[in-house]
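To start, the structure under review is shown below, and the notes come after it.
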Amino acid sequence: MIWSRLGIRKRLLLTGLCCLCIGVTAPSQATAFSKAERDRFQHAIVDYRPRLNPGYKKTKRKQTRYIIVHTAELGRDTTLRVISRGKRFRDGRFTYGGHAHYVIARNGRTYRIMDKKWIADHAGTSMWDGRTDLSRMSIGIELVGYHYAPITDKQYRSIGLLIDILQDVYNLDDRAVLTHSQVAYGRPNRWHKRDHRGRKRCAKNFERTKARLGPTWPYDPDARAGRLVADAQLAKIFYAPRAVADAVEESNVISKRNTAWLIAGEDFDSIATVYQFPDGRMFSGDQITKQVGWNRIPPKTIVLLNHTGSLSELIDEGPVKAIIDGITAWSVAGKSYNHRNTIYFLPSGRIKNGAVISDWDDLPVSTRLLIGYKGPFPVSKDRSAYSIAGARYKDPQTIYYLPSRQLLRGNKIKDFSRLQAGTLVFLPVAL
Ligand SMILES: [Zn+2]
């Protein structure tokens, strides 16, 4: 058995002043899930331990005080690879993996990355209540997805069950469950003169009640004690008297309110962060200082985190976007991923519109997509490109899907009289 089994709940120490009640189950601290639900969940955990990078040095954790929730800022396949095998950067730097104990996919499937007794390298520079280096004293759980994308109900159910079980094992109360964005802190940088919160935005969208957890701390103990400077946005999310969920901009698009720092945290100037300007130019975070300047990033720039492939893969081919390693339908389409005017061209040749897509993480690599389009309008003997698209038939925004599965812009087609029957035309909705 991987888990130690305990018959009764041990959330009794949570008040910190009630040691006399040990051995008595307080009704308000009842198990959030039934034993049957927990057993079923535990048996369904996928054992991913054999895939852990053999270079990862396993060290036994001496104490377990916290459970830290992360969002991976990636889709499932890349998350599993990065968390178990490690990160590789274009400049040759790499890590040895072991970046969490568990990964939870969008469909709720849960993967065990390493045995929970080892230290996972997940929290980085971190502090809570005066304690530092929290990886040494915590369990790390990664949710597949983004801090600016909704977490699925199935993920909430799985993480709720997992936390419930872990709380029993380590005798932890609900306040021991924190997000990475709550505990990470950064050294002084161009945005902050002192040590500060805000280094990570990870899991700032985690809604505790959906995981059947009670409230978090009413304040940030390190900010209150003056050890760290608070981050205004995170403080509002976690410690404001009333929840102000809608005050947060849920997007990876730069605007006056949504700065590079608010989207990327400490990775703002990382080689693995890519800024896609609206004019098509692209820069990695480490190029912005010299080549652009941080105050000159134009609004509507898209920020892509954790991109370790080459920049040329991301070159914007106009309206046709592609899902590649590390780039998901959510990174390119955001909330529009399941809109009927988002059209997906699967590598199998199937065409689907967003309304039939169950999740943005279910689309295979090499899927291409159009956002804000209608169609298909098939070209036939009786219906020419001109009769479909009118004067815009040669327009670069008019897209042709050839029977060879090629997607071409109208200005790239040399001879319209030779378009084969079966060619499909897609038109921008706005026109
Ligand atoms: Zn994190």
Side-chain angles (χ1 to χ4, degrees), residues 56 65-76 78-87 89 95-106 110-111 113-114 116 119-128 131-151 155-156 158-159 162-163 166 176-187 196-208 211 213 216 220 222 228 231 233-234 237-238 248 250 252 261-268 270 272-273 285 303-308 326 328 330-331:
Y56 184 73
R65 290 179 173 274
Y66 306 108
I67 296 170
I68 310 290
V69 180
H70 304 254
T71 40
E73 314 302 321
L74 288 168
R76 184 199 58 195
T78 350
T79 299
L80 284 169
R81 190 186 70 223
V82 167
I83 298 295
S84 54
R85 307 297 300 181
K87 301 177 196 178
F89 298 92
T95 70
Y96 287 106
H99 295 302
H101 295 91
Y102 303 92
V103 166
I104 302 179
R106 310 260 312 153
T110 303
Y111 300 79
I113 303 298
M114 68 168 82
K116 66 183 180 304
I119 291 174
D121 177 19
H122 67 99
T125 308
S126 47
M127 184 191 292
W128 192 253
R131 298 188 181 94
T132 56
D133 192 7
L134 300 193
S135 289
R136 286 185 303 119
M137 55 187 90
S138 66
I139 294 275
I141 305 172
E142 284 280 357
L143 293 166
V144 169
Y146 300 91
H147 69 69
Y148 50 85
I151 294 161
Q155 285 180 304
Y156 275 118
S158 291
I159 199 167
L162 181 56
I163 288 171
L166 291 168
V177 182
L178 297 159
T179 66
H180 195 196
S181 40
Q182 280 179 282
V183 302
Y185 77 94
R187 305 288 186 198
H196 55 273
R197 289 286 183 218
R199 181 176 75 80
K200 287 282 175 188
R201 303 280 147 190
C202 209
K204 75 173 168 58
N205 52 345
F206 179 65
E207 292 179 48
R208 303 173 65 94
L213 286 166
T216 187
D220 177 333
D222 303 298
L228 299 175
D231 176 276
Q233 188 198 53
L234 294 177
I237 294 169
F238 293 115
V248 182
E250 294 293 336
N252 61 337
W261 174 249
L262 290 184
I263 297 166
E266 71 164 349
D267 293 328
F268 73 93
S270 160
T273 300
V303 185
L304 301 170
L305 303 175
N306 290 316
H307 185 71
T308 48
T328 64
W330 185 272
S331 11

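Computed over heavy atoms, backbone and side chain alike; hydrogens, waters and symmetry mates excluded. Both ligands and their constituent atoms are indexed starting at 1 by order of listing.
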Report summary line: The side chain to side chain donor-acceptor pair (under 3.5 Å) partners of His122 (sequence neighbours excluded) come to His70, Ser138

Report task. Search all heavy atoms of Pro150 against all heavy atoms of Arg106 and return the closest pair with its distance. Result -> O-NH1, 3.0 Å

Requested in this report: Sort out for me which residue in Arg201, His196, Gln182, Arg199 forms a side chain to side chain donor-acceptor pair (under 3.5 Å) with Asp231.
Outcome: Arg201

Query - Any residue meeting ring pair (Phe, Tyr, Trp, His ring centres under 6.0 Å) with Tyr156, in chain and number order, not counting sequence neighbours - result: Phe206

Query - Presence of salt bridge, Asp121 and Lys87, under 4.0 angstrom - result: no

Report summary line: Sorted by chain and number, sequence neighbours left out, side chain to side chain donor-acceptor pair (under 3.5 Å) with Tyr111 holds for none

Query raised in the report: What are the protein N, O or S atoms, given as residue plus atom name, that sit under 2.8 Å from the Zn ion (ligand 1)?
Result: His70 ND1, His180 ND1, Cys202 SG

